[in-house]
Amino acid sequence: MTTLTHRPDTLTRDALAVLQPGFHGTTAPDWLLRRIGEGLTSVGLFGRNIHTPAQLAALTAQLRAERDDILVAIDEEGGDVTRLEVREGSSFPGNYALGSVDDVELTRAVARELGSRLAACGVNLNWAPSADVNSDVNNPVIGVRSFGADPALVARHTAAYVEGLQSAGVAACTKHFPGHGDTAVDSHLALPRIDVGVDTLHARELAPFRSAITAGSKSVMSAHILLSALDPDRPATLSPRILTGLLREELGFGGLIVTDGIEMQAIASTYGIERGSVLAIAAGVDAICVGGGLADEGTVLRLRDALVDAVREGELPEERLADAAARVRALADWARRARGASGPGAAVQEGTAPGAGTSAAGGPDIGLVAARRAVRVTGTVEPLQEAPYVASFAAVANIAVGDETPWGVAAELTALLPGTEAGTYGSGSGAAEVLAAAGERRIVAVVRDLHRHSWMAAVLDGIREARPDTAVVEMGVSHAEPAGSPHIATYGAAPVCGRAAAEVLTGRSV
(Lines give C-alpha, C1' and ligand atoms only; values in the text may rest on other atoms or scores of the structure.)
Protein backbone atom coordinates (compact mmCIF):
# COMPACT_ATOMS: atom_id res chain seq x y z
CA MET A 1 0.00 0.00 0.00
CA THR A 2 1.38 3.41 -0.97
CA THR A 3 1.72 5.88 1.90
CA LEU A 4 0.81 9.51 1.29
CA THR A 5 2.84 12.30 2.80
CA HIS A 6 -0.10 14.67 2.53
CA ARG A 7 -3.78 14.53 1.60
CA PRO A 8 -4.68 16.30 -1.64
CA ASP A 9 -7.52 18.79 -1.42
CA THR A 10 -10.98 17.91 -2.68
CA LEU A 11 -10.52 19.79 -5.95
CA THR A 12 -7.32 17.93 -6.78
CA ARG A 13 -8.88 14.59 -5.88
CA ASP A 14 -11.86 15.32 -8.12
CA ALA A 15 -9.55 16.29 -10.98
CA LEU A 16 -7.70 12.99 -10.65
CA ALA A 17 -10.96 11.06 -10.32
CA VAL A 18 -12.15 12.08 -13.79
CA LEU A 19 -9.03 10.80 -15.57
CA GLN A 20 -8.75 7.31 -17.10
CA PRO A 21 -5.00 7.14 -17.86
CA GLY A 22 -2.85 4.43 -19.30
CA PHE A 23 0.70 3.44 -18.44
CA HIS A 24 3.59 1.38 -19.73
CA GLY A 25 4.53 -2.05 -18.44
CA THR A 26 2.89 -5.22 -17.19
CA THR A 27 3.00 -4.12 -13.57
CA ALA A 28 1.75 -0.84 -12.17
CA PRO A 29 4.47 1.82 -11.88
CA ASP A 30 4.97 3.59 -8.58
CA TRP A 31 3.68 6.89 -9.92
CA LEU A 32 0.36 5.30 -10.84
CA LEU A 33 -0.08 3.69 -7.42
CA ARG A 34 0.75 7.02 -5.81
CA ARG A 35 -1.89 8.85 -7.86
CA ILE A 36 -4.48 6.19 -7.03
CA GLY A 37 -3.79 6.94 -3.39
CA GLU A 38 -4.36 10.63 -4.15
CA GLY A 39 -7.75 10.13 -5.79
CA LEU A 40 -7.29 8.53 -9.22
CA THR A 41 -10.29 6.21 -9.63
CA SER A 42 -9.81 4.67 -13.07
CA VAL A 43 -7.02 3.08 -15.08
CA GLY A 44 -7.04 2.12 -18.75
CA LEU A 45 -5.28 -0.99 -20.01
CA PHE A 46 -3.90 -1.53 -23.51
CA GLY A 47 -2.23 -4.40 -25.31
CA ARG A 48 1.19 -3.33 -24.05
CA ASN A 49 0.03 -4.01 -20.46
CA ILE A 50 -1.08 -7.60 -21.08
CA HIS A 51 1.08 -10.68 -21.47
CA THR A 52 -0.97 -13.56 -20.04
CA PRO A 53 -4.29 -13.89 -18.21
CA ALA A 54 -2.43 -14.75 -15.00
CA GLN A 55 -0.22 -11.66 -15.33
CA LEU A 56 -3.28 -9.49 -16.02
CA ALA A 57 -5.04 -10.86 -12.94
CA ALA A 58 -1.95 -10.07 -10.85
CA LEU A 59 -1.82 -6.54 -12.29
CA THR A 60 -5.45 -5.78 -11.49
CA ALA A 61 -4.98 -7.24 -8.00
CA GLN A 62 -2.03 -4.87 -7.56
CA LEU A 63 -4.23 -1.93 -8.55
CA ARG A 64 -7.08 -3.09 -6.33
CA ALA A 65 -4.73 -3.34 -3.34
CA GLU A 66 -4.45 0.46 -3.59
CA ARG A 67 -8.15 1.05 -4.12
CA ASP A 68 -10.71 -1.73 -3.86
CA ASP A 69 -13.20 0.00 -6.13
CA ILE A 70 -10.74 0.99 -8.87
CA LEU A 71 -12.26 1.01 -12.34
CA VAL A 72 -10.03 -1.04 -14.63
CA ALA A 73 -11.00 -0.29 -18.23
CA ILE A 74 -10.03 -1.94 -21.50
CA ASP A 75 -10.84 -1.62 -25.19
CA GLU A 76 -11.93 -5.20 -25.82
CA GLU A 77 -14.43 -5.29 -28.66
CA GLY A 78 -13.55 -8.80 -29.77
CA GLY A 79 -12.96 -9.47 -33.44
CA ASP A 80 -10.40 -7.18 -35.03
CA VAL A 81 -10.03 -5.01 -31.91
CA THR A 82 -8.62 -6.98 -29.00
CA ARG A 83 -6.32 -6.10 -26.13
CA LEU A 84 -6.87 -9.24 -24.08
CA GLU A 85 -5.50 -11.36 -26.94
CA VAL A 86 -3.49 -8.72 -28.74
CA ARG A 87 -0.65 -11.09 -29.69
CA GLU A 88 -2.78 -14.14 -30.50
CA GLY A 89 -5.89 -12.61 -32.04
CA SER A 90 -9.37 -12.72 -30.57
CA SER A 91 -11.24 -15.90 -29.70
CA PHE A 92 -14.44 -14.06 -30.67
CA PRO A 93 -15.71 -12.70 -33.98
CA GLY A 94 -16.50 -9.00 -33.90
CA ASN A 95 -19.71 -7.07 -34.28
CA TYR A 96 -19.99 -7.34 -38.06
CA ALA A 97 -19.99 -11.13 -37.87
CA LEU A 98 -22.57 -11.11 -35.10
CA GLY A 99 -24.75 -8.70 -37.02
CA SER A 100 -24.55 -10.88 -40.13
CA VAL A 101 -25.88 -13.84 -38.13
CA ASP A 102 -28.54 -11.59 -36.59
CA ASP A 103 -29.27 -13.76 -33.58
CA VAL A 104 -29.50 -11.48 -30.54
CA GLU A 105 -29.24 -14.43 -28.17
CA LEU A 106 -25.92 -15.35 -29.77
CA THR A 107 -24.69 -11.76 -29.43
CA ARG A 108 -25.77 -11.71 -25.80
CA ALA A 109 -24.00 -15.02 -25.13
CA VAL A 110 -20.78 -13.87 -26.82
CA ALA A 111 -20.77 -10.64 -24.81
CA ARG A 112 -21.47 -12.54 -21.60
CA GLU A 113 -18.57 -14.91 -22.22
CA LEU A 114 -16.26 -12.06 -23.13
CA GLY A 115 -17.34 -10.23 -19.97
CA SER A 116 -16.73 -13.32 -17.87
CA ARG A 117 -13.17 -13.58 -19.16
CA LEU A 118 -12.55 -9.91 -18.44
CA ALA A 119 -14.06 -10.19 -14.95
CA ALA A 120 -11.92 -13.26 -14.19
CA CYS A 121 -8.87 -11.11 -14.90
CA GLY A 122 -10.13 -8.22 -12.75
CA VAL A 123 -11.30 -5.89 -15.55
CA ASN A 124 -14.63 -4.22 -14.82
CA LEU A 125 -15.19 -1.57 -17.53
CA ASN A 126 -15.11 -2.37 -21.23
CA TRP A 127 -14.96 0.43 -23.80
CA ALA A 128 -17.44 -1.51 -25.94
CA PRO A 129 -19.69 -2.10 -27.81
CA SER A 130 -19.45 0.00 -30.92
CA ALA A 131 -23.01 1.16 -31.67
CA ASP A 132 -22.03 2.96 -34.86
CA VAL A 133 -24.20 2.37 -37.91
CA ASN A 134 -21.69 1.77 -40.71
CA SER A 135 -23.62 3.75 -43.29
CA ASP A 136 -20.49 4.81 -45.19
CA VAL A 137 -19.14 1.59 -46.67
CA ASN A 138 -15.76 3.28 -47.14
CA ASN A 139 -15.48 4.22 -43.47
CA PRO A 140 -11.77 3.82 -42.65
CA VAL A 141 -12.06 3.27 -38.90
CA ILE A 142 -15.40 1.57 -38.09
CA GLY A 143 -16.14 -1.08 -40.74
CA VAL A 144 -16.32 -4.54 -39.16
CA ARG A 145 -16.43 -2.97 -35.72
CA SER A 146 -20.07 -2.13 -36.47
CA PHE A 147 -22.93 -4.63 -36.38
CA GLY A 148 -23.92 -3.35 -39.82
CA ALA A 149 -25.56 -0.61 -41.85
CA ASP A 150 -29.17 -1.12 -40.74
CA PRO A 151 -30.05 1.03 -37.70
CA ALA A 152 -32.64 -1.41 -36.37
CA LEU A 153 -30.21 -4.33 -36.56
CA VAL A 154 -27.45 -2.34 -34.89
CA ALA A 155 -29.87 -1.21 -32.18
CA ARG A 156 -31.03 -4.68 -31.19
CA HIS A 157 -27.53 -6.15 -31.15
CA THR A 158 -26.12 -3.19 -29.22
CA ALA A 159 -28.74 -3.77 -26.52
CA ALA A 160 -28.02 -7.50 -26.42
CA TYR A 161 -24.29 -6.88 -26.15
CA VAL A 162 -24.76 -4.42 -23.28
CA GLU A 163 -27.00 -6.85 -21.43
CA GLY A 164 -24.63 -9.77 -21.92
CA LEU A 165 -21.53 -7.88 -20.90
CA GLN A 166 -23.08 -6.35 -17.80
CA SER A 167 -24.59 -9.67 -16.72
CA ALA A 168 -20.97 -10.72 -16.16
CA GLY A 169 -20.36 -7.74 -13.86
CA VAL A 170 -18.46 -5.68 -16.44
CA ALA A 171 -19.76 -2.21 -17.24
CA ALA A 172 -20.44 -1.51 -20.91
CA CYS A 173 -19.30 1.72 -22.56
CA THR A 174 -21.40 2.17 -25.69
CA LYS A 175 -19.58 4.14 -28.38
CA HIS A 176 -19.01 6.40 -30.31
CA PHE A 177 -21.82 8.85 -29.47
CA PRO A 178 -23.63 10.20 -31.40
CA GLY A 179 -22.36 7.87 -34.14
CA HIS A 180 -19.11 7.49 -36.09
CA GLY A 181 -20.47 5.35 -38.91
CA ASP A 182 -21.00 7.99 -41.62
CA THR A 183 -17.41 9.22 -41.71
CA ALA A 184 -14.69 9.07 -44.32
CA VAL A 185 -12.02 10.32 -41.91
CA ASP A 186 -10.38 8.50 -38.99
CA SER A 187 -10.67 10.67 -35.87
CA HIS A 188 -7.32 9.31 -34.68
CA LEU A 189 -5.84 11.40 -37.49
CA ALA A 190 -8.16 14.38 -38.09
CA LEU A 191 -11.61 15.74 -37.25
CA PRO A 192 -14.39 14.00 -39.22
CA ARG A 193 -17.48 15.96 -40.23
CA ILE A 194 -20.99 14.61 -40.80
CA ASP A 195 -23.37 16.85 -42.72
CA VAL A 196 -26.79 15.23 -42.61
CA GLY A 197 -30.08 16.50 -41.25
CA VAL A 198 -31.36 16.14 -37.71
CA ASP A 199 -34.08 13.73 -38.83
CA THR A 200 -31.50 11.40 -40.37
CA LEU A 201 -29.33 11.55 -37.26
CA HIS A 202 -32.25 10.65 -35.02
CA ALA A 203 -33.47 7.83 -37.24
CA ARG A 204 -30.06 6.38 -38.02
CA GLU A 205 -27.18 7.33 -35.70
CA LEU A 206 -29.12 7.68 -32.47
CA ALA A 207 -31.30 4.56 -32.68
CA PRO A 208 -28.64 2.19 -31.26
CA PHE A 209 -27.82 4.59 -28.43
CA ARG A 210 -31.47 4.78 -27.43
CA SER A 211 -31.49 0.98 -27.25
CA ALA A 212 -28.27 0.94 -25.23
CA ILE A 213 -29.70 3.42 -22.74
CA THR A 214 -32.89 1.38 -22.42
CA ALA A 215 -30.75 -1.72 -21.87
CA GLY A 216 -28.99 0.05 -19.01
CA SER A 217 -25.56 0.78 -20.46
CA LYS A 218 -23.48 2.05 -17.56
CA SER A 219 -21.44 4.40 -19.72
CA VAL A 220 -21.31 6.02 -23.13
CA MET A 221 -18.20 7.12 -25.03
CA SER A 222 -18.26 10.35 -27.00
CA ALA A 223 -16.95 10.67 -30.55
CA HIS A 224 -14.52 13.30 -31.78
CA ILE A 225 -16.72 14.19 -34.74
CA LEU A 226 -18.41 17.38 -35.90
CA LEU A 227 -22.12 17.02 -36.62
CA SER A 228 -23.12 20.31 -38.19
CA ALA A 229 -26.86 19.80 -37.68
CA LEU A 230 -26.37 19.42 -33.91
CA ASP A 231 -23.44 21.75 -33.26
CA PRO A 232 -21.65 23.46 -36.16
CA ASP A 233 -18.85 24.75 -33.95
CA ARG A 234 -17.64 22.00 -31.62
CA PRO A 235 -17.06 18.26 -31.97
CA ALA A 236 -19.37 16.05 -29.95
CA THR A 237 -16.82 15.45 -27.18
CA LEU A 238 -16.68 19.18 -26.47
CA SER A 239 -20.31 20.08 -27.19
CA PRO A 240 -22.76 20.94 -24.38
CA ARG A 241 -25.58 20.77 -26.93
CA ILE A 242 -24.75 17.17 -27.79
CA LEU A 243 -23.63 15.76 -24.43
CA THR A 244 -25.81 17.67 -21.99
CA GLY A 245 -28.68 18.75 -24.21
CA LEU A 246 -29.08 15.63 -26.34
CA LEU A 247 -27.56 12.73 -24.41
CA ARG A 248 -28.46 13.78 -20.86
CA GLU A 249 -31.66 15.76 -21.24
CA GLU A 250 -33.32 14.48 -24.40
CA LEU A 251 -32.25 10.84 -24.33
CA GLY A 252 -32.28 10.65 -20.53
CA PHE A 253 -28.88 9.01 -20.03
CA GLY A 254 -27.83 9.13 -16.38
CA GLY A 255 -24.63 7.10 -16.46
CA LEU A 256 -20.98 7.93 -17.05
CA ILE A 257 -19.93 9.84 -20.16
CA VAL A 258 -16.37 9.00 -21.24
CA THR A 259 -14.34 10.63 -24.00
CA ASP A 260 -12.65 8.73 -26.75
CA GLY A 261 -8.87 9.08 -26.42
CA ILE A 262 -8.30 12.76 -25.77
CA GLU A 263 -4.88 12.61 -27.45
CA MET A 264 -6.43 11.63 -30.78
CA GLN A 265 -5.65 14.24 -33.40
CA ALA A 266 -9.28 15.30 -33.88
CA ILE A 267 -8.95 17.00 -30.46
CA ALA A 268 -5.22 17.26 -29.78
CA SER A 269 -4.27 19.02 -33.01
CA THR A 270 -7.09 21.54 -32.75
CA TYR A 271 -7.56 22.26 -29.04
CA GLY A 272 -4.65 20.53 -27.29
CA ILE A 273 -5.26 17.87 -24.66
CA GLU A 274 -5.36 20.26 -21.69
CA ARG A 275 -7.84 22.67 -23.24
CA GLY A 276 -9.75 19.77 -24.77
CA SER A 277 -10.13 18.09 -21.37
CA VAL A 278 -11.44 21.25 -19.73
CA LEU A 279 -13.94 21.86 -22.51
CA ALA A 280 -15.03 18.20 -22.42
CA ILE A 281 -15.78 18.24 -18.69
CA ALA A 282 -17.57 21.58 -19.06
CA ALA A 283 -19.66 20.11 -21.90
CA GLY A 284 -20.88 17.21 -19.76
CA VAL A 285 -18.14 14.57 -19.96
CA ASP A 286 -17.40 12.73 -16.71
CA ALA A 287 -14.19 10.90 -17.54
CA ILE A 288 -11.23 11.66 -19.81
CA CYS A 289 -9.75 8.64 -21.57
CA VAL A 290 -6.04 9.13 -22.22
CA GLY A 291 -3.16 6.72 -22.56
CA GLY A 292 -3.35 5.05 -25.93
CA GLY A 293 -0.52 7.31 -27.06
CA LEU A 294 0.38 9.39 -24.00
CA ALA A 295 0.88 7.03 -21.10
CA ASP A 296 3.13 8.79 -18.61
CA GLU A 297 2.84 10.56 -15.28
CA GLY A 298 3.49 13.92 -16.87
CA THR A 299 0.34 13.65 -18.97
CA VAL A 300 -1.75 12.84 -15.89
CA LEU A 301 -0.32 15.80 -14.02
CA ARG A 302 -0.85 18.14 -16.97
CA LEU A 303 -4.51 17.20 -17.25
CA ARG A 304 -5.06 17.26 -13.48
CA ASP A 305 -3.54 20.72 -13.21
CA ALA A 306 -5.44 22.02 -16.25
CA LEU A 307 -8.73 21.04 -14.63
CA VAL A 308 -7.79 22.48 -11.24
CA ASP A 309 -6.62 25.75 -12.82
CA ALA A 310 -9.79 25.99 -14.91
CA VAL A 311 -11.92 25.76 -11.76
CA ARG A 312 -9.81 28.28 -9.87
CA GLU A 313 -9.92 30.69 -12.80
CA GLY A 314 -13.70 30.42 -13.13
CA GLU A 315 -13.64 28.71 -16.53
CA LEU A 316 -14.96 25.37 -15.25
CA PRO A 317 -17.66 25.33 -12.54
CA GLU A 318 -16.44 23.47 -9.48
CA GLU A 319 -19.80 21.75 -9.13
CA ARG A 320 -19.51 20.37 -12.71
CA LEU A 321 -16.15 18.80 -11.88
CA ALA A 322 -17.54 17.47 -8.60
CA ASP A 323 -20.55 16.00 -10.40
CA ALA A 324 -18.27 14.31 -12.94
CA ALA A 325 -16.09 12.85 -10.19
CA ALA A 326 -19.18 11.63 -8.33
CA ARG A 327 -20.40 9.79 -11.43
CA VAL A 328 -17.01 8.08 -11.79
CA ARG A 329 -17.11 7.00 -8.14
CA ALA A 330 -20.69 5.80 -8.51
CA LEU A 331 -19.73 3.52 -11.39
CA ALA A 332 -16.69 2.32 -9.44
CA ASP A 333 -18.99 1.46 -6.55
CA TRP A 334 -21.36 -0.43 -8.89
CA ALA A 335 -18.44 -2.40 -10.29
CA ARG A 336 -17.17 -3.23 -6.80
CA ARG A 337 -20.61 -4.42 -5.73
CA ALA A 338 -21.10 -6.39 -8.94
CA ARG A 339 -17.78 -8.10 -8.32
CA GLY A 340 -18.77 -8.92 -4.78
CA ALA A 341 -22.19 -10.21 -5.81
CA SER A 342 -20.65 -12.75 -8.17
CA GLY A 343 -17.91 -13.64 -5.74
CA PRO A 344 -14.23 -13.17 -6.39
CA GLY A 345 -13.21 -14.25 -9.89
CA ALA A 346 -11.71 -17.69 -10.12
CA ALA A 347 -7.97 -17.53 -9.91
CA VAL A 348 -6.51 -17.49 -13.39
CA GLN A 349 -3.60 -19.87 -13.62
CA GLU A 350 -0.99 -19.87 -16.37
CA GLY A 351 -2.34 -21.72 -19.39
CA THR A 352 -5.83 -22.31 -17.98
CA ALA A 353 -7.70 -19.21 -19.12
CA PRO A 354 -10.47 -19.96 -21.60
CA GLY A 355 -9.34 -19.69 -25.21
CA ALA A 356 -10.31 -20.84 -28.67
CA GLY A 357 -11.84 -24.29 -28.54
CA THR A 358 -13.10 -24.06 -24.95
CA SER A 359 -15.40 -21.88 -22.94
CA ALA A 360 -15.56 -21.05 -19.25
CA ALA A 361 -18.48 -23.47 -18.97
CA GLY A 362 -16.83 -26.15 -21.08
CA GLY A 363 -18.04 -27.48 -24.43
CA PRO A 364 -17.70 -25.77 -27.81
CA ASP A 365 -16.37 -22.25 -27.65
CA ILE A 366 -19.14 -19.71 -28.24
CA GLY A 367 -16.71 -17.61 -30.27
CA LEU A 368 -16.08 -20.43 -32.72
CA VAL A 369 -19.79 -21.22 -32.85
CA ALA A 370 -20.49 -17.61 -33.79
CA ALA A 371 -17.67 -17.46 -36.35
CA ARG A 372 -18.89 -20.61 -38.06
CA ARG A 373 -22.43 -19.27 -38.26
CA ALA A 374 -21.22 -15.99 -39.77
CA VAL A 375 -19.44 -17.52 -42.76
CA ARG A 376 -21.12 -16.96 -46.14
CA VAL A 377 -20.03 -18.94 -49.21
CA THR A 378 -20.63 -18.00 -52.83
CA GLY A 379 -19.85 -20.63 -55.42
CA THR A 380 -19.01 -24.29 -55.03
CA VAL A 381 -16.46 -25.45 -52.50
CA GLU A 382 -14.19 -28.23 -53.71
CA PRO A 383 -12.31 -29.05 -50.52
CA LEU A 384 -8.57 -28.59 -50.66
CA GLN A 385 -6.79 -31.94 -50.73
CA GLU A 386 -3.23 -30.62 -50.77
CA ALA A 387 -1.46 -27.80 -48.98
CA PRO A 388 -2.25 -24.51 -50.78
CA TYR A 389 -0.46 -21.20 -51.12
CA VAL A 390 -2.11 -18.44 -49.04
CA ALA A 391 -1.62 -14.91 -50.38
CA SER A 392 -2.73 -12.30 -47.86
CA PHE A 393 -3.19 -8.73 -49.06
CA ALA A 394 -2.49 -6.28 -46.26
CA ALA A 395 -3.50 -2.64 -46.25
CA VAL A 396 -2.31 -0.39 -43.43
CA ALA A 397 -4.34 -1.25 -40.32
CA ASN A 398 -6.22 1.59 -38.67
CA ILE A 399 -4.97 2.65 -35.26
CA ALA A 400 -7.89 1.12 -33.36
CA VAL A 401 -7.05 -2.30 -34.78
CA GLY A 402 -3.26 -2.01 -34.76
CA ASP A 403 -0.77 -4.06 -36.72
CA GLU A 404 0.51 -6.35 -33.97
CA THR A 405 -2.53 -8.64 -33.89
CA PRO A 406 -2.41 -11.65 -36.24
CA TRP A 407 -5.18 -12.24 -38.74
CA GLY A 408 -5.93 -14.37 -41.77
CA VAL A 409 -6.31 -18.07 -42.58
CA ALA A 410 -2.72 -19.24 -43.16
CA ALA A 411 -2.09 -20.55 -39.66
CA GLU A 412 -5.48 -22.23 -39.52
CA LEU A 413 -5.00 -23.88 -42.92
CA THR A 414 -1.54 -25.04 -41.88
CA ALA A 415 -3.06 -26.79 -38.88
CA LEU A 416 -5.35 -28.72 -41.24
CA LEU A 417 -2.98 -29.10 -44.18
CA PRO A 418 0.63 -29.16 -43.00
CA GLY A 419 2.98 -27.76 -45.59
CA THR A 420 0.74 -24.83 -46.45
CA GLU A 421 2.89 -21.91 -47.58
CA ALA A 422 2.02 -18.23 -47.28
CA GLY A 423 3.07 -14.74 -48.23
CA THR A 424 1.87 -11.23 -47.42
CA TYR A 425 1.58 -8.59 -50.12
CA GLY A 426 1.21 -4.82 -50.04
CA SER A 427 0.24 -2.08 -52.45
CA GLY A 428 3.47 -2.41 -54.44
CA SER A 429 2.89 -6.06 -55.29
CA GLY A 430 1.68 -7.55 -58.55
CA ALA A 431 -0.10 -10.71 -59.68
CA ALA A 432 3.07 -12.12 -61.27
CA GLU A 433 4.84 -12.05 -57.91
CA VAL A 434 2.05 -14.04 -56.25
CA LEU A 435 1.82 -16.53 -59.10
CA ALA A 436 5.55 -17.16 -59.04
CA ALA A 437 5.53 -17.75 -55.29
CA ALA A 438 2.55 -20.09 -55.51
CA GLY A 439 3.98 -22.31 -58.21
CA GLU A 440 1.62 -25.24 -58.85
CA ARG A 441 -0.17 -24.90 -55.53
CA ARG A 442 -3.78 -23.81 -55.47
CA ILE A 443 -4.05 -20.19 -54.34
CA VAL A 444 -6.15 -18.92 -51.47
CA ALA A 445 -6.29 -15.10 -51.68
CA VAL A 446 -7.16 -13.34 -48.44
CA VAL A 447 -8.38 -9.74 -48.53
CA ARG A 448 -9.88 -7.15 -46.18
CA ASP A 449 -12.26 -4.49 -47.49
CA LEU A 450 -11.50 -5.29 -51.11
CA HIS A 451 -13.87 -2.54 -52.27
CA ARG A 452 -11.73 0.12 -50.58
CA HIS A 453 -8.41 -0.81 -52.20
CA SER A 454 -8.10 -0.59 -55.99
CA TRP A 455 -4.56 -2.01 -55.95
CA MET A 456 -5.82 -5.09 -54.15
CA ALA A 457 -8.62 -5.59 -56.66
CA ALA A 458 -6.19 -5.22 -59.57
CA VAL A 459 -3.79 -7.84 -58.21
CA LEU A 460 -6.65 -10.20 -57.45
CA ASP A 461 -8.03 -9.81 -60.98
CA GLY A 462 -4.61 -10.71 -62.39
CA ILE A 463 -4.34 -13.80 -60.21
CA ARG A 464 -7.82 -15.01 -61.07
CA GLU A 465 -7.25 -14.47 -64.77
CA ALA A 466 -4.28 -16.82 -64.64
CA ARG A 467 -5.71 -19.16 -62.00
CA PRO A 468 -9.53 -19.26 -62.15
CA ASP A 469 -9.66 -21.81 -59.34
CA THR A 470 -8.32 -19.26 -56.84
CA ALA A 471 -10.37 -19.25 -53.63
CA VAL A 472 -11.01 -15.77 -52.21
CA VAL A 473 -11.56 -15.11 -48.50
CA GLU A 474 -12.92 -11.66 -47.68
CA MET A 475 -12.26 -10.86 -44.00
CA GLY A 476 -13.45 -7.27 -43.97
CA VAL A 477 -16.65 -5.52 -45.05
CA SER A 478 -18.17 -7.74 -47.71
CA HIS A 479 -19.18 -5.08 -50.24
CA ALA A 480 -17.31 -5.97 -53.43
CA GLU A 481 -19.02 -8.36 -55.83
CA PRO A 482 -18.13 -11.94 -54.78
CA ALA A 483 -15.38 -13.30 -56.97
CA GLY A 484 -13.45 -16.53 -56.55
CA SER A 485 -13.95 -20.24 -56.70
CA PRO A 486 -15.28 -20.18 -54.06
CA HIS A 487 -15.72 -16.77 -52.40
CA ILE A 488 -15.90 -16.95 -48.61
CA ALA A 489 -16.96 -13.98 -46.49
CA THR A 490 -16.07 -14.22 -42.80
CA TYR A 491 -17.22 -10.73 -41.70
CA GLY A 492 -14.09 -10.23 -39.63
CA ALA A 493 -10.39 -11.05 -39.54
CA ALA A 494 -9.91 -12.57 -36.09
CA PRO A 495 -8.17 -15.98 -36.03
CA VAL A 496 -11.44 -17.60 -34.99
CA CYS A 497 -12.94 -16.29 -38.26
CA GLY A 498 -9.93 -17.67 -40.10
CA ARG A 499 -10.49 -21.02 -38.47
CA ALA A 500 -14.10 -21.08 -39.64
CA ALA A 501 -12.98 -20.23 -43.20
CA ALA A 502 -10.28 -22.91 -43.13
CA GLU A 503 -12.85 -25.50 -42.13
CA VAL A 504 -15.00 -24.53 -45.11
CA LEU A 505 -12.02 -24.65 -47.50
CA THR A 506 -10.93 -28.10 -46.37
CA GLY A 507 -14.17 -29.70 -45.25
CA ARG A 508 -12.42 -30.52 -41.96
CA SER A 509 -12.47 -29.23 -38.40
CA VAL A 510 -9.33 -27.96 -36.71
Side-chain angles (χ1 to χ4, degrees), residues 79-80 89 92-94 96-103 106 144 356-357 364-365 367-394 406-425 431 434-435 437-451 456-457 459-510:
D80 289 23
F92 302 92
Y96 189 46
L98 295 173
S100 74
V101 177
D102 196 15
D103 178 346
L106 178 66
V144 297
D365 174 41
L368 181 57
V369 169
R372 286 169 172 162
R373 289 184 62 187
V375 169
R376 300 290 182 270
V377 180
T378 303
T380 302
V381 179
E382 295 182 7
L384 296 169
Q385 301 299 328
E386 298 179 352
Y389 182 80
V390 180
S392 299
F393 297 94
W407 66 280
V409 302
E412 289 72 19
L413 277 173
T414 300
L416 293 170
L417 293 173
T420 293
E421 294 186 1
T424 301
Y425 301 89
V434 178
L435 293 167
E440 297 301 315
R441 294 169 179 263
R442 188 170 174 195
I443 298 173
V444 177
V446 186
V447 297
R448 290 167 87 170
D449 295 349
L450 181 64
H451 67 284
M456 199 181 290
V459 176
L460 184 59
D461 285 346
I463 294 171
R464 292 183 58 248
E465 183 178 354
R467 301 284 292 276
D469 65 344
T470 296
V472 177
V473 181
E474 169 63 84
M475 305 195 81
V477 173
S478 186
H479 182 71
E481 190 70 22
S485 181
H487 180 278
I488 299 172
T490 60
Y491 297 85
V496 70
C497 300
R499 178 173 171 180
E503 291 177 348
V504 170
L505 285 165
T506 62
R508 310 179 192 177
S509 296
V510 177

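D80 approaches A493 most closely through the heavy-atom pair OD1-N, 2.9 Å. Here the closest non-hydrogen pair linking G419 and A387 is C-CB, 3.5 Å. Of all non-hydrogen atoms in A445 and L460, the two that sit nearest each other are CB-CD1, 3.7 Å. What you find for C497 and G492 is that their closest heavy atoms are CB-O, 3.4 Å. Residues G79 and A494 share a closest heavy-atom pair of O-CB, 3.8 Å. Contact between P93 and G367 at its shortest, heavy atoms only, is CD-O, 3.3 Å.
Between V144 and M475, every side-chain heavy-atom pair lies at or beyond the 4.5 Å cut-off. The shortest side-chain heavy-atom distance between V375 and E503 does not fall under the 4.5 Å cut-off. No side-chain heavy atom of V459 sits less than 4.5 Å from a side-chain heavy atom of Y425. A heavy-atom distance below 4.5 Å is not found between the side chains of D449 and M456.
Between the side chain of E382 and the backbone N or O of T380 there is no donor-acceptor pair closer than 3.5 Å. A donor-acceptor contact shorter than 3.5 Å is absent between the side chain of R464 and the backbone of V472.
With rounding to the nearest 0.5 Å, the separation of CZ in R442 from CG in L384 is 5.0 Å. Distance check: E474 CD to I488 CD1 gives 12.0 Å after rounding to the nearest 0.5 Å. Taking CD1 of I443 as the reference point, atom CZ of R467 lies at 4.5 Å (rounded to 0.5 Å). If you take CD on E481 and NE2 on H451, they are separated by 13.5 Å, rounding to the nearest 0.5 Å. The distance from atom CG of L435 to atom OH of Y389, rounded to the nearest 0.5 Å, is 10.0 Å. Here T506 contributes atom OG1 and L416 contributes atom CG; the two are 4.5 Å apart, rounded to the nearest 0.5 Å.
Ring geometry for Y491 versus Y96: interplanar angle of 30 to 60°, hence tilted.
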**OP:** Apply the test side-chain contact (heavy atoms from CB on, under 4.5 Å) to residues F92 and L98: give CA-CA distance (whole Å), side-chain angles for both, the deciding distance (0.1 Å), then the verdict.
**Re:** CA-CA 10 Å; F92 302 92; L98 295 173; over 6 Å; no
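Partner of V473 under the side chain to side chain contact (heavy atoms under 4.5 Å, CB included) criterion, out of V504, L505, V390, L413: L505 alone.
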